[in-house]
Structures are given as C-alpha cells and as structure tokens.
Number of protein chains: 2
Amino acid sequence: MADVAKLAGVSGQTVSRVVNGNDRVTAATRIRVESAMKQLGYRANIAARALATGRFGTIGVVMFNLSAVLNVRIVEAVVTGAQAHGYSVSLAVVDGPTEKDVRAAVRGLTDRAVDGVIVIEARVLDTPHLRLPEEVPLVIADSRAAHKHPTFGMDEAAGARAAVDHLLELGHDTVHHVAGPAGSNPAQRRRAAWQRQLKRSGRAVPPPVAGDWSPRSGYDAALRLLAGDDVSAVFAANDQMAVGVLRAAAELGRRVPQDLSVVGFDDLDFAPFLSPPLTTVRQDLATVGRRCVEHLIARIEAPPGAGPAQTTSRFVRPELVVRESTAPPPGRTR
Amino acid sequence: MADVAKLAGVSGQTVSRVVNGNDRVTAATRIRVESAMKQLGYRANIAARALATGRFGTIGVVMFNLSAVLNVRIVEAVVTGAQAHGYSVSLAVVDGPTEKDVRAAVRGLTDRAVDGVIVIEARVLDTPHLRLPEEVPLVIADSRAAHKHPTFGMDEAAGARAAVDHLLELGHDTVHHVAGPAGSNPAQRRRAAWQRQLKRSGRAVPPPVAGDWSPRSGYDAALRLLAGDDVSAVFAANDQMAVGVLRAAAELGRRVPQDLSVVGFDDLDFAPFLSPPLTTVRQDLATVGRRCVEHLIARIEAPPGAGPAQTTSRFVRPELVVRESTAPPPGRTR
DNA sequence: GAAATGTATGTTAGCGGAAACATGCGGGGA
DNA sequence: TCCCCGCATGTTTCCGCTAACATACATTTC
C-alpha cells in the first residue's frame with residue numbers, strides 16, 4: 001500500500017479511501033491511485049483490514065453433514081446469496097448431536113473470524129432450545145420456531161398433513177409411515193404431524209417403521225410393513241426411502257398404485273421418473289437458504305444500536321405434488 | 001492477551017508461546033498461563049495472528065456448482081480432512097466456464113485469505129490447460145492429467161470402458177450412449193472413452209444423445225433413442241439420467257433387461273433399488289477429496305525450500321457393479 | 001474583507017499478535 | 001572458584017490497514 005501511495009504521490013490513507021469506495025476523493029486523485037494500484041498489482045491484505053476494522057467479510061455455516069441432499073440445497077443458496085453481497089462462506093461440520101458440539105463448532109467459527117453464523121440444525125439435540133453464543137449475529141435454519149434466535153425453515157408439519165390428507169381422501173382407512181431416523185429433526189416433525197393428523201381424522205395410528213433416509217432402509221422397512229396384508233397406503237419420510245418402498249412392493253408383487261399407494265417427501269428430481277412417478281411433497285430449500293443469508297447479512301450490516309433485530313420466524317410451505325403412485329385402495333372406486 | 005499476561009504475571013510473548021504449543025516454557029508457567037486464559041475466556045484473534053504470520057488456517061474450494069451430487073461428495077471429504085488438520089474451508093462458486101472466471105474466483109479466495117486452494121474442475125473451459133496463479137499452493141480435482149498443477153480425480157475412461165465391455169460381452173452388437181452435457185468435463189471424458197472403446201472393438205458408433213445430467217433429460221433422450229427398434233443396450237453417463245431411461249423404456253413397453261440393457265454411472269445410493277436394480281459404475285469421490293486435501297496441506301506445511309512438490313497425478317479407478325438392468329440382447333442366450 | 005464553514009488530503013496511533021533479538025538465571029567444566 | 005553456555009522469559013518492532021484527528025486551502029456569509 002505504501003508503494004501505491006508513493007507512486008500515486010498521495011498518502012496511504014488516501015489509497016485506503018480509494019480502495020474502500022467513495023469517501024471524498026477527487027476524481028483526479030482517484031484515477032491516479034487506481035492506475036498506480038493496477039500498475040503495481042496491488043491487492044489489499046484482508047487480515048490487516050480485519051484487524052483494523054474488526055470485520056471479516058465472511059459468514060460461517062455450521063451443519064451436521066453435507067451428504068444430505070437437503071442441506072446442500074440450503075448451503076448452495078447461502079453461498080450464492082453471500083457472494084452476491086460480497087461475503088465468502090466458511091463451512092464447519094459438527095461432530096456430535098449435543099448442544100455442546102454445536103456450540104463448539106460455532107465458537108470455532110467465530111474464533112476463525114466470521115461476521116455471522118448460520119446453523120443448519122437437522123439433528124435432534126439434547127436440548128430442545130438451542131442457546132448459542134451471540135458474539136456475532138446468528139441465524140438458525142430449522143423447521144420449528146422454538147429457538148431464541150431468528151429461524152427460517154420449512155413447514156414440515158403442513159407437508160406431512162397434506163400427504164396424509166391426500167391418502168385419506170382417496171379412501172384409504174389409514175396411512176402407514178416409514179419414518180426418518182429418530183435423531184433427525186425433520187424426521188421427527190414429519191412423523192409427529194403424520195400421527196397427529198391421523199388421530200385428528202379419527203383413524204388408527206399404525207406403528208411407524210423407522211429408516212435412516214437411505215433407499216435401503218426404506219426397502220427394509222417396506223419389507224416388514226408389507227408382510228401384513230392390510231397395508232394400502234405408505235407415507236415415506238423422504239423420496240429416497242420411497243424408492244426403497246417402491247422396490248419392495250415390486251418384489252412382493254404389490255402393484256403401485258393399484259394395490260398400494262406411496263407418497264414421498266422432498267420431490268427430488270428423479271421423483272417424476274420412477275415407476276410409477278412418485279407422488280411427493282415438494283420442498284423449496286433454496287428459499288430457506290436465501291432467507292437465512294439475507295436476514296443474517298441485514299443484521300450484520302445493521303447499525304450498532306439498531307435494536308434487537310426482530311426474531312422473525314418464517315416457514316416456507318411445501319407443496320403436495322400428485323403423480324401416479326397414489327390411487328384409491330383396492331376394491332374401491334371413487 | 002495483555003490481560004492474560006498480566007493475570008499470569010508473564011509477558012505477552014510467553015502467552016503467545018503457550019498458545020502456539022510447545023516452545024520452551026516451564027510446565028509451571030504454562031499452567032499459570034492456561035488457567036489465566038481460561039479464567040478470562042481468552043480467545044486468540046485470528047486476524048492478528050494472520051497479519052503477523054501470513055498464514056490463515058483456511059483452505060479455499062472453488063467449484064462450479066454445489067448441486068451436483070458428485071461435487072458435494074468431494075467437498076465433504078475436503079471439509080472433513082481439513083478440519084482434522086485444523087483448517088477451515090471457504091467455499092467459492094464460479095460464475096462462468098472460462099479460465100478467466102476460475103482465475104477470478106481463485107484470486108478472490110486468496111485475497112480472502114486462504115493458505116491453499118482446491119479447484120474442482122467439472123466444467124469444460126475455454127483453455128485445455130488451466131493455468132492458475134500460484135501465490136498459494138493449489139490442487140485440482142479433475143479427471144485428467146493435463147494440468148500444470150497437482151491433480152487428483154477418477155479414471156473416468158476406465159469406468160466407461162468397463163461399462164461398454166460389459167455390454168459387448170453380453171452379446172450386444174453395439175452400445176448407445178446418453179451423454180452428459182457438452183460443457184461438462186466428466187461427461188466429455190465418458191463419452192470419448194465410450195466411443196473409443198466401441199471403435200477399438202470394431203463396432204458401429206451410433207450417434208450419442210446428450211442430456212444435462214437430469215432424469216428428465218435422460219427420459220427425453222431415451223424417448224428419441226428408443227424410437228428405432230435396433231437399440232438393445234444403453235450406457236447413460238450418470239445414474240440420474242439412467243432413471244429417466246428406465247422410465248422411458250417402461251412407458252414404451254420395453255422390458256429391462258430382457259428387451260433393453262441399461263448401465264448407469266456413479267452408483268448413487270438408490271441405484272440398487274430401482275426397477276430393475278441398476279448396473280452402474282461406482283465412483284469413490286470421497287477418496288478423491290481426501291487425497292486433494294492431504295496433498296494440499298502437505299504442500300502448505302512443507303518447509304519453504306522443499307522443492308517444487310512433485311506434481312503427483314493420481315486417479316482412482318471406478319468399479320463396475322453388475323445388477324439386474326443388463327442381460328444378453330433379445331433372441332440371444334449366452 | 002474577515003470570519004465561519006466546508007472539502008480534500010496528510011498524520012498519528014493503534015488493532016492483537018509473533019518474529020527477532022536481548023536479558024537474566026542456573027549449572028557444568030576448567 | 002570463575003566463566004561460559006543454554007534455557008526460560010522479557011522487549012522491541014513490525015505485520016498492513018483504518019479510525020480519528022489535524023491541516024491546508026477554497027468557498028460562502030454578513
């Protein structure tokens with residue numbers, strides 16, 4: 001920077017002003033400085049700037065695992081949004097399912113120099129109300145409003161209700177459930193909503209079978225479920241497991257949808273091309289991610305005394321997409 | 001830090017020594033300093049350290065898009081590996097498909113303070129030999145060795161050859177190909193290998209149909225491909241498109257594998273549960289990611305004069321997984 | 001026309017650490 | 001016994017940049 005200043009015949013401070021956009025600098029001076037910068041290939045040292053200003057231009061994302069298609073969509077939207085606002089994104093993966101682990105990850109990130117943090121809380125933790133250090137603004141991506149921090153997510157309950165209602169309206173007596181893993185937040189919520197909706201409709205609530213989101217677990221679950229003859233409708237907690245259910249049905253000679261109706265969750269891109277095309281609940285995670293970053297960046301850039309940023313909690317409503325894997329139960333026409 | 005020093009009755013420098021592990025500090029002093037740190041909740045300021053040392057403890061990942069399942073697996077391995085070595089990971093998504101765009105992303109990241117960069121080069125660029133600034137160590141995740149930089153990737157050609165050979169050995173006259181998008185590196189490589197292998201075996205090379213990796217595009221491609229009666233074997237460039245192919249076959253009344261054999265690529269977790277279970281080529285991207293980080297960190301931490309880090313180029317060999325979507329062509333028993 | 005006001009730029013002083021060098025202490029060899 | 005040496009710790013300085021204040025000059029105001 002000193003070299004640039006010398007070459008342009010100004011002080012370092014003026015160079016700094018040029019770099020940081022428009023303070024009051026004469027057009028002529030600015031041009032001189034800029035050409036000097038270009039000539040010398042000057043590039044600001046972020047660490048020095050951060051040390052002087054206390055801001056880093058980075059936001060941190062804490063998540064439990066990247067392999068879940070779900071989470072990746074959120075992360076993608078976060079990265080895109082952050083880049084659009086001139087921030088970069090730092091990723092941290094949490095080890096275990098306790099609040100302590102999450103807190104450690106957040107602290108690691110703040111130590112690491114971020115201006116804000118987004119926690120994608122997909123796992124069921126030991127504490128229902130996640131309390132995290134607030135050294136920097138923090139936003140949670142989760143599907144419930146029970147947090148002390150601003151939260152954005154999907155209205156999973158609405159999705160599960162839509163799935164159940166759809167099957168009941170087709171005339172099924174009840175709906176069986178292939179649940180996600182007990183340790184997963186979304187899984188728990190989908191399962192609870194399924195159960196509540198059945199009860200509310202005065203139907204029997206058959207014991208759910210839990211999988212681990214994988215197609216294999218859906219297959220195994222369905223094999224057990226379909227051992228009995230009375231199952232006419234299955235609601236799988238995600239599309240991947242629904243694939244397994246479809247496969248199990250095929251192997252057991254149960255035709256879908258004539259003998260068995262199947263509903264998934266997520267609307268992954270292959271859903272319309274399964275055999276048969278899968279009725280499922282579409283989630284718009286990109287919107288969730290976008291809202292998270294935008295809220296976070298607004299808080300980061302808000303003037304210091306701007307009050308305790310209203311803890312908005314917005315939940316995106318998923319949408320039932322009816323395809324060909326659902327029909328009235330056997331022996332019944334509607 | 002000054003507070004800690006005062007509380008422990010030592011100089012700041014000694015605190016610094018304690019923080020940075022074992023310089024020569026008496027056990028007694030160390031304990032005093034550590035308890036002072038804990039008592040005061042001291043946390044090092046990364047920016048200051050970076051300013052003083054010129055190192056950041058962060059590695060950057062440059063990629064074209066996160067939504068490809070493929071890339072995410074690499075990123076996941078990178079994040080895990082980086083964390084294990086005490087590094088955090090910064091993510092950058094590239095806009096366009098030119099070398100300039102990639103270079104800008106890398107520069108943005110190095111401006112942003114990273115000690116090393118991994119470029120996941122999935123897109124076909126305007127320049128065959130990517131030349132990137134080497135201000136920091138840089139590793140490329142790609143499936144060919146044509147780079148000036150250390151490169152790790154899959155041996156896609158071997159995978160495509162295995163798929164073709166498998167189908168030819170079953171007795172098919174030739175193999176049709178549903179290719180990935182022209183702008184994709186892996187797609188281009190799989191397609192080239194498919195074509196080469198057919199030629200080498202003295203078979204006709206039917207014109208490939210290109211999709212965009214999505215199930216829908218596989219479906220559309222298959223619809224066109226299966227319009228003729230002479231197609232007995234299809235090699236899809238990924239599993240997603242293979243799903244579409246399977247669906248198209250079902251709608252056209254072509255039984256798989258009796259009338260039509262289908263091979264995919266990737267071995268996504270749903271592959272064994274499609275109808276029928278998909279024969280495909282398994283890729284181990286986690287290994288690729290792991291190798292990338294490990295090589296990168298080794299270079300970052302190598303002593304300055306350690307020579308020009310041998311540009312190792314290692315390619316992981318994929319593995320053909322035969323399931324039930326392939327069989328001898330109709331009217332032929334083997 | 002002198003003072004008040006405004007604008008462009010320079011000066012000074014850190015931000016929080018870590019190298020590089022300086023200091024003081026104790027122990028071993030002659 | 002004295003001196004040299006090595007080790008634990010302290011001092012100084014600088015990393016590169018920016019906030020806050022200072023300065024110099026131009027412009028407006030009465």
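Here is how names work: the chains are called A, B, and so on, in the same order as the sequence lines, proteins then strands, and each is numbered from 1.
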Exercise: identify the closest heavy-atom pair between A/Ala82 and A/Val89
CB-CG2, 3.5 Å
Measure from CG on B/Asp3 to C1' on C/dC15 and round the result to the nearest Å.
14 Å
Whole Å only: how far is the CE atom of B/Met37 from the P atom of C/dG17?
11 Å
For B/Glu121 and B/His147, which I'm curious about, is there any donor-acceptor pair between the side chains at under 3.5 Å?
yes
Contact class for B/Ala2 vs. all strands (heavy atom < 4.0 Å): base, sugar-phosphate, or nothing?
nothing
Any side-chain donor near an acceptor of the partner, A/Asn45 and A/Arg49, under 3.5 Å
no
Separation of A/Ile46 atom CD1 from D/dT18 atom C1', in whole Å?
14 Å
Length of the CZ-P vector between B/Phe56 and D/dC15, whole Å:
15 Å
How many whole angstroms separate atom CG of A/Asp111 from atom P of C/dG16?
14 Å
Report yes if at least one side-chain N or O of A/Asn45 is closer than 4.0 Å to OP1 or OP2 of D/dC15; otherwise report no.
no
Nearest heavy-atom pair of A/Gly116 and A/Val136: which atoms, and what distance?
CA-CG2, 3.9 Å
Checking A/Arg107 against A/Thr110: is there a side-chain donor and acceptor pair closer than 3.5 Å?
no
Can you tell me if B/Arg131 has over 12 outside heavy atoms packed within less than 6.0 Å of its CZ?
no
For nucleotides 9-12 of chain D, list the nitrogen or oxygen atoms of the protein found under 3.5 Å from its nitrogen or oxygen atoms, one pair per line.
{"residue": "D/dT9", "atom": "OP1", "partner": "B/Thr26", "partner atom": "OG1", "Å": "3.2"}
{"residue": "D/dT9", "atom": "OP1", "partner": "B/Thr29", "partner atom": "OG1", "Å": "2.4"}
{"residue": "D/dT9", "atom": "OP2", "partner": "B/Thr26", "partner atom": "N", "Å": "2.9"}
{"residue": "D/dT9", "atom": "OP2", "partner": "B/Thr26", "partner atom": "OG1", "Å": "3.3"}
{"residue": "D/dT9", "atom": "OP2", "partner": "B/Thr29", "partner atom": "OG1", "Å": "3.3"}
{"residue": "D/dG10", "atom": "OP2", "partner": "B/Ser11", "partner atom": "N", "Å": "2.8"}
{"residue": "D/dG10", "atom": "OP2", "partner": "B/Ser11", "partner atom": "OG", "Å": "3.0"}
{"residue": "D/dG10", "atom": "OP2", "partner": "B/Thr14", "partner atom": "OG1", "Å": "2.6"}
{"residue": "D/dG10", "atom": "N7", "partner": "B/Arg17", "partner atom": "NH2", "Å": "3.0"}

To the nearest angstrom, how far is B/Leu51 atom CG from D/dC14 atom P?
14 Å
Would you indicate what A/Ala44 reaches in the nucleic acid, counting non-hydrogen atoms under 4.0 angstrom: base, sugar-phosphate, or nothing?
sugar-phosphate
Scanning both residues in full, the closest heavy-atom pair of B/Ile120 with B/Phe64 reads O-CD1, 3.6 Å
Between the side chains of B/Asn65 and B/Arg123, does any donor sit under 3.5 Å from an acceptor?
no
Measure from the side-chain heavy atoms of A/Met1 and tell me the nearest of C/dG17, D/dC17, D/dG16.
D/dC17
Measuring from atom CE of B/Met37 to atom CE of B/Met1, what distance do you get when rounded to the nearest 0.5 angstrom?
11.0 Å
Taking five pairs at each terminus, the helix from C/dG1-D/dC30 to C/dA30-D/dT1 shows an axis bend, to 10°, of 40°
Using a cut-off of 4.0 Å on non-hydrogen atoms, how would the nucleic acid contact of A/Arg55 be classed: base, sugar-phosphate, or nothing?
nothing
Over how many whole Å does the gap from A/Lys6 atom NZ to C/dG10 atom P extend?
15 Å
